[in-house]
Amino acid sequence: MAITHKTHSNYCLLTFNGVTITESPTINILEVTIDQKLNWTHHINTVATRAGQRLGILCIPSIRLQNCVPEHSKNSCTIYYPNIRYFVAYTIWVEAKNKYGKTDSDHIVLDAMDSVKPEPIFITSVQPGHGSGGALIVKWENPWKLPFIFPLKYHIQYRMAGTVGWIQIQLDEIPPHQEVFTIKGLKPFTKYIVAIRCMKRYGNGYWSDWSLEKTGITSEDQPAQGPDLWIINKNPNLQSRPVLIMWKELSPSDANGIILGYQLQIRERKSQTVAWINSTDLKYSLVLSGESYKIAITAHNSVGNSPESTLIVPPANPKELPPIQHVHAVPHKEQLMVEWKAPNSPVNRYTLEWCVSESDSDQCTGPVHWRNELNSTKKAFVNENIVPFKRYKVAVYPVYDEGPGTQLSIKAYLQEGSPAHGPFVHLKETGKMEAELEWDEIPVNKQRGFLTNYTIFYKRAGENGSFVTVGPASRKYTLLNLRSNTLYWVNVMASTAKGGTNGTAITFKTLIFTKREMAAIILSTFLIFSSIVIAMSFVYVRNKIRNKPCQTVPDPADTNPHVNSLKYQIQCNLDTENLGKVTEKVGAIQQQQRSAEEEMSSRICSRSAEDPTIMGNSSSQQLPTWVLRSNSTCLLLSPEESFQI
């Protein structure tokens, strides 16, 4: 083989079957003769092939030694175009140097075309496909520093917004310089994120970095399904039933576009009377009669309507449809896990209901939230419209062909905590060695959990305290075996599974005596006091009468003027100072009188014995009497003490 060329100031590297032949001066046109029979003329960078033999021709200017210094002490280095030539074998080594000298690594020889890493591609647009609700058209620009004839292959990756898993498409046979591709099979009206990378189509090389991500939204399509439908009927047995019809927004994957409105169809099943209601809201209130109804709803966007969702409303006083057999609700990883056991009858679906219930009844004290579950579901997780420390009523309805079955409900917390405040304690009654306490129930919205018990703490000053634990239903307790006449401190703590909270502390003092002792003391005191009052009243009345002036009223029975005069003196001159003297005088006079009476009596007796006339007339003769009355004022004898003379 003979190779001829024309001289020029540059050099040309010739290869034959991958083996370097020579370096020769060259010009833009190189004339090569093989076997001196064929004259082929080649442009620069072309390859001639004949009989399975490859003749490579690369004409480049002379290249000086180049250096590449790693940045920030990295152990890699990148040489950027135009500091690199294609179709050239390079000898590469790493040189390490310090103040003591330098050393080189092994030298390797490689073709630059087998080590090219293109710069990242730039995506210009991501647009929805025309006439298709599930396609995106991706357009981009190739790296501009690559040769025009450098062939590329591509990888496109995309994912739905809000997800993390990428889907990749390998584009090996895309026509050169097309720079556009349509991704198909996507969901309508859905946001997608797209990225792309490239590398040399044939031979070795490296993938470029992924391009900057670009977002696009597919076009709309008609909704894939109808809205979930539910009804709240608080008085199912009335012939005139106020009801609230509710439905859910469609998820973006089911809406396939922007929902413009909803259409309700309310049909009475007996008369087939139909009412049509258009709404942009998510609920509608009306009053139904006692008949059975079929309610249907559809949603529509700019493309079309969704399929129907239906619900049967049973008539008033219906035959009860069986409930589920069991329901259980517990917190689980920041959501409420609700489990139930299916009824024996087949169901179409289940409806899960939950609401805040901060009363002892089963009534909701907040809005009702709900969602439908498949008939194969026996467990659901509630993580929307639910907050910690609130008590919720959770109910599960089985839905049959004839309508919703009877609910089965339970109370539950998403998260429990210690009560917001403790109970307020009242001292109901105190004794000598006991005290009865009462406390108010903590409101449900302040309990922040299910109460497990109450703990009563009490102690005397300067001593260790004691405590008693009672059940959560208790509202009073009597402390026993206390010390009399002692000051006590007492407090009641309410507890849940997450902790306890103390209420307001109070103090009380036990009594010195028991009730019976106090009653006896009071009675004794009363009697003593009453006696004193009576005595004082007696003295007062006596003094009052004693100081009252008296008049001389001669007693006709008294024939002795000396006695009358003395009685007058006793009646009118009696005072406290002379009481003793007067008493002595009265005693002496009475003694004298008794002596006179005895003498007179003896006389009368002797006369009676001697004079029978007197004895015979004694029954009819009225004898004179002396009467000496005695009372608190005038010391006189009472009529009962009178005697005859």
Side-chain angles (χ1 to χ4, degrees), residues 9-15 18-20 22-23 26 44-45 47 56-124 138 140-159 164-166 168-172 174 176-177 179 193-214:
S9 60
N10 293 332
Y11 287 89
C12 182
L13 175 65
L14 304 182
T15 62
V19 179
T20 299
T22 183
E23 293 183 2
T26 183
I44 299 174
N45 295 336
V47 178
I57 306 169
L58 177 60
C59 298
I60 58 174
S62 59
I63 301 175
R64 68 180 185 275
L65 183 66
Q66 299 183 64
N67 295 328
C68 180
V69 180
E71 297 178 356
H72 308 296
S73 302
K74 293 182 179 180
N75 58 352
S76 63
C77 193
T78 302
I79 302 173
Y80 295 95
Y81 182 88
N83 296 324
I84 191 173
R85 300 292 182 264
Y86 301 113
F87 305 106
V88 174
Y90 279 86
T91 301
I92 300 175
W93 67 94
V94 176
E95 180 182 87
K97 181 191 305 183
N98 60 20
K99 64 180 181 179
Y100 300 107
K102 63 180 180 179
T103 184
D104 294 345
S105 68
D106 295 336
H107 291 218
I108 60 174
V109 179
L110 54 83
D111 187 344
M113 288 296 291
D114 293 333
S115 301
V116 171
K117 179 182 179 180
E119 290 186 332
I121 289 177
F122 175 71
I123 299 177
T124 57
V138 184
W140 67 88
E141 292 179 355
N142 286 326
W144 62 272
K145 292 182 179 180
L146 290 175
F148 182 75
I149 63 169
F150 195 88
L152 294 173
K153 60 181 178 180
Y154 306 91
H155 276 175
I156 290 180
Q157 66 177 9
Y158 64 92
R159 61 182 175 88
V164 295
W166 290 94
Q168 288 192 0
I169 304 174
Q170 186 171 342
L171 308 179
D172 292 332
I174 188 171
H177 313 296
E179 299 180 342
I193 300 170
V194 181
I196 189 170
R197 67 178 181 176
C198 65
M199 71 171 295
K200 179 185 176 185
R201 177 175 295 185
Y202 305 112
N204 299 323
Y206 301 95
W207 284 102
S208 69
D209 293 332
W210 287 102
S211 66
L212 296 177
E213 296 175 354
K214 193 80 171 178

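On a predicted model such as this, the values are computed, not experimentally measured, just so you know.
With rounding to the nearest 0.5 Å, the separation of CD1 in Ile92 from CD1 in Ile108 is 5.5 Å. Between atom OH of residue Tyr154 and atom CZ of residue Arg201 there is a gap of 7.5 Å, rounded to the nearest 0.5 Å. Once rounded to the nearest 0.5 Å, the distance linking SG of Cys68 with CD of Glu95 reads 13.0 Å. With rounding to the nearest 0.5 angstrom, the CD1 atom of Ile196 is 11.5 Å from the CD atom of Gln168.
Shown here for Asp209 and Lys117, the closest heavy-atom pair between the two residues is OD1-NZ, 3.2 Å. Shown here for Ala195 and Glu213, the closest heavy-atom pair between the two residues is CB-CG, 4.4 Å. When every heavy atom of Ile121 is checked against every heavy atom of Pro143, the shortest pair comes out as CG1-CD, 4.0 Å. Contact detail for Ile193 and Trp166: the closest heavy-atom pair is O-CZ3, 3.5 Å. Residues Pro118 and Leu152 come closest through the heavy atom pair CG-CD2, 4.3 Å.
Lys214 places none of its side-chain heavy atoms less than 4.5 Å from the side chain of Thr124. When side chains are defined from C-beta on, Trp207 counts as touching Lys153, because their heavy atoms get closer than 4.5 Å. Looking at Ile123 and Leu212, their side chains never come closer than 4.5 Å, going by heavy atoms from C-beta outward. Between Asn142 and Glu179 there is a side-chain heavy-atom pair separated by less than 4.5 Å.
Side-chain atoms of Ser208 come within 3.5 Å of backbone N or O of Cys198 as a donor-acceptor pair.
Within a 6.0 Å sphere centred on CG of Asp106, heavy atoms belonging to other residues, nucleotides or ligands number 12 at most.
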